[in-house]
Amino acid sequence: MPSDIDQRLALLAGEEEVLEVNGVGEKWTDLGVKPVWRVHVTQPWVVPGLRDRLEGSWDCYSADIVFTNRLFLDRDLGTHITADCEILHARDELGWDLGDPDEVAVCSEIRAAGGTGLYPVDIIARMEASELSACDAFPTPFVIMSFDLETSVAEGHILCAAAIIDRLDEDGSRSSPPEEHMFEGDERAILEGLTSLVRNTDPDLITGYNIDNFDLPKLLDRCEFHATGKEDAAEMFGWGRVPISEAMEKQDQRAPLMPRRDSNSRKWFAAGRCFIDAWWQARMALRPERETLAFVSELLFPDREDLRKLDIDASQMDREWEQRPEEVMQYCMRDALLPWEILDELRIVQRKEALAAVAKVPLDSAVNGTTSQWIDSLVIRLADRSAVAIPRTNRYQRSEQITGGYVHDVEAGLHRWVAVLDFKSMYPSIMINHNICRTTMLDAADRRESGFDEAPTGVRFLSSEIREGLVPALLVDLMAQRDQHKSALNDARAADDERLTLFHDSMQYAVKILMNSFYGVFASSFYRFTHKDIGSSITAWARHNIKRIISELDAEGNSVVYSDTDSVFVSAPISENVPTVRPSEEDGEALQEYLSATTELIEFGHGLSERYSEKGAELEFESGMSAFFSHGAKKRYIGRVFYPHQDMIVRGYETRRTDSFKLLTDAMMQLFERILSNEHEEGVLEVIELVKRVRAGQADAADLVISRGCKGKLRKDGSADFSIYSNPDGLPFVQAARKRIAIGLSFTPGMKVSWVVRSARQSPMRVEPWLLEETGQRVEVYDLDFYARRLSTALGRVTEAFGWSASELLAGNRQMSLFSF
DNA sequence: GACTTACGCCTT
DNA sequence: TGGTAAGGCGTAAGTC
């Protein structure tokens, strides 16, 4: 304790914004255990300034935690809250109105309670913070709005809008069809109509397709164009769940009346609402080859005739609106409904609500927030309970990249009878086993000789008996939660309870997502509790474990065919004569051999699992393959799986990639089927035939479409800026994006753009955008040689394993045939 | 023109 | 303001 501590505390207490300074005892810090004082200030927003002034004379902890989160952290609240409260006002529709309240009287009561007026919500209530508490998670009966705008390509103004409102039942499910609302006419009337719909129906979730980058910026832009003042603007775009009167008063920047966009994350937010862009969610959940609403809808709802394409050309919207406004309105209504149908089909709301519940964050944080916010929510409350001081987020430059997982070389060719084993939750297990945490990491100067685990990197972590780390404690708890939900899931399935099945499945999945987020956040350079040695120690232990197993297996004479980070592929000693494709029932003897080989491999797999599993490092038998093939490149392989169920898997190859094209992926899939059936010769002949057909111009252009994400920035005037690329003119996807924009179609930074290669004879190659879903137009001319060459290069890499090179596939013959031997 | 290498970029 | 490993495509520039 410094000798002048009393003087310094007095000086601190004398600061203008400081109300009081209280000692809170000793806390763990990265510099050792130290006495800590809590400083109470007049307002949340004075904290950053005070913190910066104190820098140098004090170390500041818990000094960058957003005030609204403080309520959740201190009261240990989560997504689902129960409140002991006094109701000031409730809407009629709920059937428990308080009478017929005089609005002025209610407003003054609300103001007296700290509010600013009549909120557009179901219930307005008052309570003390101490009257809030966490309750068990339940499926919330949300109100959802989904909307779409049609705009003039020529002028940029809004032509019409449509919206649906869906109110989930008490148990969080859908039953009745959603309400439909249409808006047309004067642009100001459209804006005001949408705004009063929001305020009257009070949706919790607002969705639409690409609303983050198109509809919301458009609404804001048109609102600013018409608005004569703040209150006028609020009538047109005051979507936040606060009284319009707030437009005239000081607004809460974090919970605004007018939707705003965060400058860093590019996400929209408004008081009390959660914006979910269905485009982003569909992209993340489905990874579709193309990302238009029409393509995604076709993918999800192939049988829904009512959602079928309406014959509207989006690039000619002005003409369409003039000539057939009713069809355009119908088209707009369908595109308002689809985003909600997509979210519902993908169970997005249930999944996000579950993630929010497990991480104990508001729903909006699960939807639009980051992994570090979720981890913060759990780590900070545990640290506060464990007398650990909360350091600030690290704003300094990132250190050198750490070394990651180990990937074993793969021998080219077909491998028979392979057992795949992998470590269960490898990184979380390592963090638990070795008690890895910032609070347990020993300083290099520490001289103790026992009571720690030492990573292969030489970094040491205190044993949990001496000090349990925050992170291992949280992970142990999450693992237990997952087991609980998994067992409840099984019970719900057995009882045929669809609602509970969905609930527990969403919850166990959310726990899994959250557990897997820990390593990433703690291996990052900026997180508050990280250190560069933490991430590298985890991966070093992982490499050490998997390499040890590989060498032990090799020493036993078991051949390790492949391994990546937490998995090993082991070849079993099964006779060469046993077929790897399941023979038919008629072929009784061969079938018997095949079946006994599968049993043998399953026993082999379980045997390895038992021998190599240790406490906290469980090596599970994941799958059994009768055949495994790779052409010799890491992270690229295929397999014929028979355990736990029949399947054919393809990893890494072009068949899985959106920057490939259908003709190639189909051909490659066919070749893989042949290879796994011991028919590679037939496969090669088919490839040669295909290459010939393409060279003869017999391909359908729709099978030649290539898609790839394209970045860029939109300028205020709507034009696109691709200068983030060092040579944008040389990139085919930038060329496709530019041509798309040139004919009046929208472009969203990050969206996938699609094209067909027209001529690769010049450099850069010339491409034509593929806009079938947008305009109905097809590209008919393509570069025959280019596609023939790409087909033979990609397929040639695979057939090379059987002696056929890419150039031989292209030529259709070879100097000396392997088959002629 | 065929081939190689370095580099930028995207995707898994 | 989660991480790394790895493959492949296209451009550009250089060599033969």
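Every heavy atom of this structure was used, including side-chain atoms; hydrogens, water molecules and symmetry mates were not. Note that the structure is predicted; figures quoted are calculated from it, not measured. Residue numbers start from 1 in every chain, and the chains themselves are labelled A, B, ... in the order their sequence lines are given, proteins ahead of strands.
Across all strands shown, A:Ile402 has heavy atoms under 4.0 Å from sugar-phosphate atoms exclusively, and none from any base. Backbone-only contact: A:Thr403 has heavy atoms under 4.0 Å from sugar-phosphate atoms and none from a base. Among the heavy atoms of the strands lying under 4.0 Å from A:Ser726 are primed sugar atoms or P, OP1, OP2 only; no base atom is included. Using a 4.0 Å heavy-atom distance criterion, A:Gly520 is classed as a base contact.
Among the nucleotides C:dG10, C:dG2, C:dG7, the one closest to the side chain of A:Ala633 is C:dG7. The side chain of A:Phe526 lies closest to C:dG2 when the candidates are B:dC9, C:dA6, C:dG2. Closest to the side chain of A:Arg636, out of C:dG7, C:dT11, C:dT1, is C:dG7.
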Pairwise N/O distances under 3.5 Å, protein to nucleotides 10-12 of chain B:
unit_1	atom_1	unit_2	atom_2	d
B:dC10	OP1	A:Tyr725	OH	2.4
B:dC10	OP2	A:Lys711	NZ	3.2
B:dC10	O4'	A:Arg708	NE	3.4
B:dC10	O4'	A:Arg708	NH2	2.7
B:dT11	OP1	A:Gly709	N	2.6
B:dT11	O4'	A:Arg657	NH2	3.1
B:dT11	O2	A:Arg657	NH1	3.3
B:dT12	OP1	A:Arg656	O	2.9
B:dT12	OP1	A:Thr658	N	3.3

Quick test: give all pairs of protein nitrogen or oxygen and nucleotides 12-15 of chain C nitrogen or oxygen below 3.5 Å, distance rounded to 0.1 Å.
unit_1	atom_1	unit_2	atom_2	d
C:dA12	OP1	A:Asn727	ND2	3.3
C:dA12	OP2	A:Ser763	OG	3.4

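Remark: C1' of C:dA5 and CG of A:Asp564 are 7 Å apart, rounded to the nearest angstrom. Atom CZ of A:Arg761 is separated from atom C1' of B:dA2 by 15 Å (rounded to the nearest Å). Atoms NE2 (A:His531) and P (C:dG3) sit 17 Å apart, rounded to a whole Å. The separation between A:Gln401 atom CD and C:dG3 atom P is 10 Å, rounded to whole Å. Straight-line distance from the OH atom of A:Tyr787 to the P atom of C:dC9: 13 Å, rounded to whole Å. In this structure, the CZ atom of A:Phe529 is 17 Å from the C1' atom of C:dT1, given to the nearest Å. Distance A:Phe661 CZ to C:dC9 C1': 12 Å, rounded to the nearest Å. One can place CZ of A:Arg789 at 16 Å from P of C:dG8, the figure rounded to the nearest angstrom.
Residue A:His408 has no polar side-chain atom (N or O) positioned under 4.0 Å from OP1 or OP2 of C:dA5. For C:dT1, the OP1/OP2 oxygens have no side-chain nitrogen or oxygen of A:Ser524 closer than 4.0 Å. Residue A:Arg528 places no side-chain N or O under 4.0 Å from the OP1 or OP2 atom of C:dT1. Phosphate proximity of C:dG2 to A:Thr370: present, with a side-chain N or O under 4.0 Å from OP1 or OP2.
Remark: the A:Lys512 side chain and the A:Gln508 side chain contain no N/O donor-acceptor pair separated by less than 3.5 Å. Between A:Ser754 and A:Ser707, the side chains place a donor N or O and an acceptor N or O closer than 3.5 Å (distance only, hydrogens not considered). Neither side chain, A:Thr793 nor A:Arg797, offers a donor N or O lying under 3.5 Å from an acceptor on the other.
By the 6.0 Å and 45° rule, A:Lys360 does not stack over the aromatic ring of A:Phe72. A cation-pi arrangement is present between A:Arg351 and A:Tyr509, with the terminal nitrogen or guanidinium carbon under 6.0 Å from the aromatic centre and inside a 45° cone about the axis.
For A:Phe275, the ring pair (Phe, Tyr, Trp, His ring centres under 6.0 Å) criterion is met by no residue, not counting sequence neighbours.
Note: A:Phe722 and A:Phe747 have perpendicular aromatic rings, judged against thresholds of 30 and 60 degrees for the angle between ring planes.
The aromatic ring centres of A:Tyr653 and A:His631 sit less than 6.0 Å apart. Side-chain rings of A:Tyr725 and A:Phe733 approach one another, their centers coming within less than 6.0 Å. Ring-centre distance between A:Phe802 and A:His680: below the 6.0 Å cut-off.
Listed by first and then second residue, the salt bridge (Lys or Arg N to Asp or Glu O under 4.0 Å) pairs involving residues 531-545 of chain A amount to none (not counting sequence neighbours).
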Could you list the donor-acceptor pairs under 3.5 angstrom formed by side chains in residues 421-431 of chain A, with sequence neighbours left out?
unit_1	atom_1	unit_2	atom_2	d
A:Ser429	OG	A:Lys424	O	3.2
A:Ser429	OG	A:Ser425	O	2.8

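The heavy-atom pair separating A:Trp755 from A:Ala736 by the smallest distance is CB-CB, 3.9 Å.
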Open item on the list: What does the 5'-to-3' dot-bracket notation of DNA chain C look like when only Watson-Crick and G-U wobble pairs under 3.5 Å count, and pairs to other strands show as |?
Closed with: ....||||||||||||

